Asker: 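Provided herewith is a single structure, encoded as structure tokens, for subsequent inquiry.
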Number of protein chains: 4
Amino acid sequence: MSEKIRVTVWNEYRHEKAEEKIGKIYPEGIHKVLADYFDGDDKYEVKTATLDEPQHGLTDEVLNNTDVLFWWGHMAHDEVDDQIVEKVQSRVLNGMGLIVLHSGHHSKIFRKLMGTSCNLKWRVADEKERLWVVEPGHPITEGIGEYIELPKEEMYGEQFEIPSPDELVFISWFEGGEVCRSGCVFNRGRGKIFYFRPGHEEYPTFYNEDIKKVLINAANYVAPVKRGDSRPEYAVNVSEPLEKIKEKE
Amino acid sequence: MSEKIRVTVWNEYRHEKAEEKIGKIYPEGIHKVLADYFDGDDKYEVKTATLDEPQHGLTDEVLNNTDVLFWWGHMAHDEVDDQIVEKVQSRVLNGMGLIVLHSGHHSKIFRKLMGTSCNLKWRVADEKERLWVVEPGHPITEGIGEYIELPKEEMYGEQFEIPSPDELVFISWFEGGEVCRSGCVFNRGRGKIFYFRPGHEEYPTFYNEDIKKVLINAANYVAPVKRGDSRPEYAVNVSEPLEKIKEKE
Amino acid sequence: MSEKIRVTVWNEYRHEKAEEKIGKIYPEGIHKVLADYFDGDDKYEVKTATLDEPQHGLTDEVLNNTDVLFWWGHMAHDEVDDQIVEKVQSRVLNGMGLIVLHSGHHSKIFRKLMGTSCNLKWRVADEKERLWVVEPGHPITEGIGEYIELPKEEMYGEQFEIPSPDELVFISWFEGGEVCRSGCVFNRGRGKIFYFRPGHEEYPTFYNEDIKKVLINAANYVAPVKRGDSRPEYAVNVSEPLEKIKEKE
Amino acid sequence: MSEKIRVTVWNEYRHEKAEEKIGKIYPEGIHKVLADYFDGDDKYEVKTATLDEPQHGLTDEVLNNTDVLFWWGHMAHDEVDDQIVEKVQSRVLNGMGLIVLHSGHHSKIFRKLMGTSCNLKWRVADEKERLWVVEPGHPITEGIGEYIELPKEEMYGEQFEIPSPDELVFISWFEGGEVCRSGCVFNRGRGKIFYFRPGHEEYPTFYNEDIKKVLINAANYVAPVKRGDSRPEYAVNVSEPLEKIKEKE
């Protein structure tokens, strides 16, 4: 890890170009709004990457110099190259933080890291979402009150087929009657993954000040720590035992 | 789920045929010894399946009629067909219990369900293993004392790259100086997975009475419960909300 | 553990006698309705105990012959004798299952076992509660659909100050805008504790068929398993090591 | 939280004065050695407190200005005043970090926060302990290799009756044949608790450079984050719902 936290914001960047309504909300793409959270703060270095760049903008050079990767995708999950997905997984297991946003629940990388379908219920109906803090001491909730209220969001509801999160930070209430585990930390290998539910492309969710706070907190939280040893890529044969083993018949 | 627990024991079944020493310990294969745990007890129906059978013995017919699947593999993980692996994963998410034994830690199915490398340290040196019970109230430990001692086993040591188990039941002490989380329950979808560390092919571990008790307990524990609804295969659009959603500007 | 599951239903039994409205809903007390779940099924032996009996009905004889204890209390938590609370705790750590209902969240025994305040938000306003199943493979949800709906309940809302549950089974949605972790399993010592949120004394919640199913499932789930050894009451000095320790300078 | 992390090291401070052998190892007390970890680093403010001071040195003034409290006790757990214990618990639930060392496993404060007996096996036999890192990405392990080796320590062995830790960071191997969950994080209320096993008074464990690193890392890790709201001391009646509740018959 460098002194600075090196953030890379990955965005599918299709909806914004294909649909006028969405393009008006995020004229330079969702990634630009997220990158702006960090831009200008010298605690961070930030760059962006999108699906239609060569290698989706996620070259080895980029991935190896990323401490925290944001991931927003939706309509083109299948177009993400399996080899890139494997590289991202490997980087996470080696300590890179990963923040998966909203419809990224169905991305290849999230499903691969979870081992489950990540299926859930959904509905787009301009409905109110209220994200309740269930772990008020958690660093990701710093500066947030008892809940975050979003006037209009897509609904995602239980049962959300994920492994039980290592830390459940937010639970959402929806106007239409559902609930969702909407802020979840998963530890995988040396890396931390934060799944955060809100962020439908038709709403200006990423401009909300509380959402911004949560995502900056999350970047700080999932950023890797330095380690005194290196991680083995394979199972390791340690033929020399640390202690003497008695010979047996 | 039928009235009986339908157990299928899957075994790679290569070592036993290829190496005389191993063939002497398990003349009809490891699967036969495991199947014999259940055979003759009318609480169970048991069958076996092996790598070199068509579809590895895991046809849809077999998988759809299995409540608990045992998995022992080692030298030929790569020969397991990806489509079969996906079917097994789907069955687990739908509620089938899965018991992964020893070197199965590196099987495709276990890695796929865990999302991590499942790497660990290892050494074959005829060394003593002592499995300590850390959750003495857990059903898998019924009838077991404070620990299980195996005079000779292969060593598997930390760091074992798995997600933090939902239930950590056993921790192993090894003569050569290592430790291992050696009895781990993972909940994935509607299914339960039990990873149990011992069972190297060169040792008669599966004849040990305590090991047998643990594996019978485990089969009972991971067997699915009946559910009042069926599991959706995809994300579900619930366009009709349960509660009225206010129209917004 | 005997062959049968020995259930004891403990109830404060004050509201029902003090308030006519409540007495009409539960004329023989909440405990009677709960005991009736098990009465007549020869898988169970059931008895009841109430606050105003000598030793609150929880003599050593009763406690030592209880596999699963239900606990409903509210207005008189402070009148429960500390010594009885300690005995119940000891029994739980020794394997007795404990099912804490609704306002029992603030009982001495639950707070003692949790180590936290167990504070939460609350409101009595005849509001709808919908309990969503978040672990559909969990034995406690057997026979339950995607959710349980209660037309009128008291609201309990987050942040509910409990340790992160070992298993989170239900999350509630409330009409008034809150959510609550409403079905939680905690493992403590050899015992299992199930906290279940609904059950306000002014509503006929315990007559609801789904609530009944959940509580019968829960009794089966938290009932203890047989162990091959006995639990030590104190720290144990094992001056004789299992392995030879080298003499050091 | 002030800008600096305010550390208070609490020590029973009896063994060091009563036994010459121990006094030679820790002439100014264990607390002095621990305080020296932080002294001179302007990231921290450090003070000490001991059992025989008035209020055990833990006045409201001290507790209210402590971000991280270390706790070492052994022979006089019972002499710690219950009111002080309650104040410490309250501070932890409000966000103060607590680091419980070695024989502190049986302290009133640890047992109160855990809700279990915290019993374990023990033996003093100059035996080797090797603490294996099981979560190599965890901030508490920063700068530590695969394990820490201590040439002589007291043995603590499983079954260690604690709730399943929220994060299991270290597992110990002992020369005499036992294992122990020896580095455990528990979240309680807004506070983090780190239990760290080594530190028997007859050995110079706290001078070990790796142990020092772990404890400095742990202080950083359990230090509270700032919160935007204050924690309620009681259950809170929110009679005004956030959403309109329909009137019912």
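Per chain, numbering begins at 1; letters A, B, ... match sequence-line order. Keep in mind it's a predicted model, so treat the numbers as computed, not measured. These numbers come from the heavy atoms of this one structure, side chains and all, not from hydrogens, waters or symmetry mates.
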Asker: Is there a side-chain contact between B:Leu242 and C:Trp173, using heavy atoms and a 4.5 Å cut-off?
Answerer: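 The answer is no; the side chains never approach within 4.5 Å.
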Asker: Which atoms of C:Lys128 are under 4.5 Å from chain B, going by heavy atoms: the side chain, the backbone, both sets, or neither?
Answerer: side chain
Asker: Which heavy atom in C:Val225 sits nearest to a heavy atom in B:His138, and how many Å separate them?
Answerer: CG2-O, 4.1 Å
Asker: Where does B:Glu167 contact chain C at under 4.5 Å (heavy atoms): side chain, backbone, both or neither?
Answerer: side chain
Asker: Looking only at non-hydrogen atoms, find the nearest pair between C:Glu135 and B:Gly189 and report the distance.
Answerer: OE1-O, 4.3 Å
Asker: Measure the CD-CZ distance between C:Glu146 and B:Arg231 for me, rounded to the nearest 0.5 Å.
Answerer: 12.5 Å
Asker: Under the side chain to side chain contact (heavy atoms under 4.5 Å, CB included) criterion, do B:Arg130 and C:Glu243 qualify, and how do the steps go?
Answerer: CA-CA 11 Å; B:Arg130 189 177 291 111; C:Glu243 305 292 329; 2.4 Å; yes
